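Mind having a look at this structure? Questions to follow.
Counting begins at 1 with the first residue of the sequence. Bear in mind that the values here come from a model prediction, so they are computed numbers and not experimental data.
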Amino acid sequence: MKKIIVLALILLTISCSNDDEEIGSIDQPTFNVNLLLKGWRYDVLKINGTYYNYEHNPNCNNDFFGFLNRPGQAYQFIETTFTNDYCTNNSATLDWKIKKDTLYFYIGNQVVLTYKVIALIATNFTFSFENDIDQNGTIDTIEVSASPYDPYNMFGNN
């Protein structure tokens, strides 16, 4: 259930908000951007103050996401979730930018999702975002904690 919620949030949260302010790719970050550039797996979700362990499919690799910034993959965000026992996956690729403590995700020039970075160290990445995940008309606050994970060596985790 929580996996479906996160997948829906990432893939279906594409709310067409206009961001009138043009920002550079990295603008006054409040965290070490180099620590962001790796693969991460979902560990814990906090939804409106209630904690849930993220339920990965036990027969597959863990669901993961990561940030790239290298030739041919400049400012790329990739997320992969495994959807069944045959380890079929869904993947999304977005562009990303940073302004202070906020990550902006884009499809083309359109901002489709924002994360507020709460904490980022080599072994943990915690961020939050808001969305009406249960579609009851009330905005929910979602906090995600993740740890380094790179099952396919896509991100160059050490």
Practice problem: Heavy atoms only: give me the nearest Asn89-Ser91 pair and the separation to one decimal. | Solution: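 What the structure gives for the nearest pair is OD1-OG, 3.5 Å.
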Quiz item: So Phe127 and Tyr115, would you call those rings parallel, tilted or perpendicular, with 30° and 60° as cut-offs?
Solution: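 Because their plane-to-plane angle is under 30°, the rings of Phe127 and Tyr115 count as parallel.
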Quiz item: Taking a hydrophobic cluster as the set of Ile, Leu, Val, Met, Phe, Trp and Tyr residues connected by side-chain heavy atoms closer than 4.5 Å, whether directly or through intermediates, do Tyr54 and Tyr51 fall within one such cluster?
Solution: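 Looking at the clustering, Tyr51 is in a separate group from Tyr54.
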Quiz item: Between atom CG of Leu68 and atom CG of Asp95, what is the distance when rounded to the nearest 0.5 Å?
Solution: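 CG of Asp95 is found 11.0 Å from CG of Leu68.
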Exercise. Mark yes when over 12 heavy atoms from residues, nucleotides or ligands other than Tyr152 sit less than 6.0 Å from its OH; otherwise mark no.
Key: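 Yes, OH of Tyr152 has more than 12 neighbouring heavy atoms, counting only those of other groups under 6.0 Å.
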Quiz item: Quick check: does any side chain N or O of Thr88 sit under 3.5 Å from a backbone N or O of Thr83, one acting as donor and the other as acceptor?
Solution: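 No, the answer is negative, given that no donor and acceptor are paired below the 3.5 Å cut-off.
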Quiz prompt | Atom of Ala122, atom of Pro148 and distance for their closest heavy-atom approach | solution =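 Nearest heavy atoms, Ala122 then Pro148: O-CG, 3.2 Å.
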Exercise. Give a yes or no answer on whether the side chain of Lys99 reaches the backbone of Tyr104 with a donor-acceptor pair at less than 3.5 Å.
Key: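 No; judged by distance alone, with no hydrogens or angles, the pair does not exist.
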Quiz item: Only one of Ile118, Asn124, Leu45 clears side-chain contact (heavy atoms from CB on, under 4.5 Å) with Ser145; which?
Solution: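 Running side-chain contact (heavy atoms from CB on, under 4.5 Å) over Ile118, Asn124, Leu45 with Ser145 returns exactly one hit, Asn124.
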Quiz item: Do Asp43 and Ser147 have side-chain N/O donor and acceptor atoms under 3.5 Å apart?
Solution: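 Yes - a donor-acceptor pair under 3.5 Å links their side chains.
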Quiz item: Say you draw a straight line from CG of Asp140 to OG1 of Thr138; how long is it, rounded to the nearest 0.5 Å?
Solution: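 Here the rounded value is 7.0 Å.
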Quiz item: Would Tyr75 and Phe67 show up in the same hydrophobic cluster when neighbours are defined by side-chain heavy atoms closer than 4.5 Å?
Solution: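 In one cluster with Tyr75: Phe67, yes.
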Quiz item: If we only count heavy atoms from C-beta on, is the Thr114 to Phe129 side-chain gap below 4.5 Å?
Solution: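 Thr114 vs Phe129: side chains apart.
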Quiz item: Is the number of heavy atoms from other residues, nucleotides or ligands under 6.0 Å of Asn136 CG greater than 12?
Solution: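 Atom CG in Asn136 is crowded, with more than 12 foreign heavy atoms closer than 6.0 Å.
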Quiz prompt | Ile142 side, atom CD1; Asn48 side, atom CG - distance, nearest 0.5 Å | solution =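 Reported to 0.5 Å precision, the distance equals 6.5 Å.
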Quiz item: Taking Asp63 for the side chain and His56 for the main chain, is one N or O donor matched with an acceptor at less than 3.5 Å?
Solution: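 No, Asp63 side chain to His56 backbone: no donor-acceptor pair under 3.5 Å.
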Quiz item: If you measure from OG1 on Thr80 to CG on Asn90, what distance do you get to the nearest 0.5 Å?
Solution: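 Between Thr80 OG1 and Asn90 CG, I get 9.0 Å after rounding to 0.5 Å.
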Self-check item: Spatial distance of atom OG1 (Thr81) from atom CG (Asn62) [nearest 0.5 Å]
Solution: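 If I round to the nearest 0.5 Å, the distance is 12.0 Å.
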Quiz item: Quick one: NZ on Lys116 to OG1 on Thr141, what's the gap to the nearest 0.5 Å?
Solution: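 With rounding to 0.5 Å, NZ (Lys116) is 11.5 Å from OG1 (Thr141).
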Practice problem: Determine, stepwise, if the pair Phe77 / Leu103 fulfils side chain to side chain contact (heavy atoms under 4.5 Å, CB included). | Solution: CA-CA 11 Å; Phe77 170 83; Leu103 285 158; over 6 Å; no
Quiz item: Trp96 versus Asn69: any side-chain heavy-atom pair under 4.5 Å?
Solution: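 Side-chain contact under 4.5 Å: yes.
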Exercise. Report yes if the distance between the aromatic ring centroids of Trp40 and Phe125 is under 6.0 Å, otherwise no.
Key: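 Centroid distance Trp40-Phe125: below 6.0 Å, so yes.
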Quiz item: Given side chains that start at C-beta, do those of Asn32 and Leu120 come closer than 4.5 Å, heavy atoms only?
Solution: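 Asn32 does not reach Leu120 side chain to side chain.
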Quiz item: Quick one: are Asp150 and Phe64 in side-chain contact, heavy atoms under 4.5 Å?
Solution: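 No, side chains not in contact.
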Quiz item: Are Tyr42 and Tyr149 an aromatic pair by the rule of ring centers under 6.0 Å?
Solution: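 So the answer is no for these two rings.
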Quiz item: Are the side chain of Asn61 and the backbone N or O of Pro151 linked by a donor-acceptor pair below 3.5 Å?
Solution: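 A pair under 3.5 Å: no.
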Quiz item: If you take all heavy atoms of Ile139 and Asp132, which pair is closest and at what distance?
Solution: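 That closest heavy-atom pairing would be CD1-N, 4.1 Å.
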Quiz prompt | Cation over ring face, Lys97 and Tyr106, 6.0 Å, 45° | solution =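 Checked: cation-pi criterion met.
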Quiz prompt | Residue pair Ile98 / Val117, side-chain heavy-atom distance below 4.5 Å | solution =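 Result no, sub-4.5 Å side-chain heavy-atom pair not found.
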Quiz item: Of all heavy-atom pairs between Arg70 and Met154, which one has the smallest distance, and what is that distance?
Solution: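 For Arg70 versus Met154, the nearest heavy atoms are NH2-O, 2.6 Å.
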Exercise. Report yes or no: do Leu37 and Ile121 belong to one cluster of Ile/Leu/Val/Met/Phe/Trp/Tyr joined by side chain heavy-atom distances under 4.5 Å?
Key: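 No: no chain of side-chain contacts under 4.5 Å links Leu37 to Ile121.
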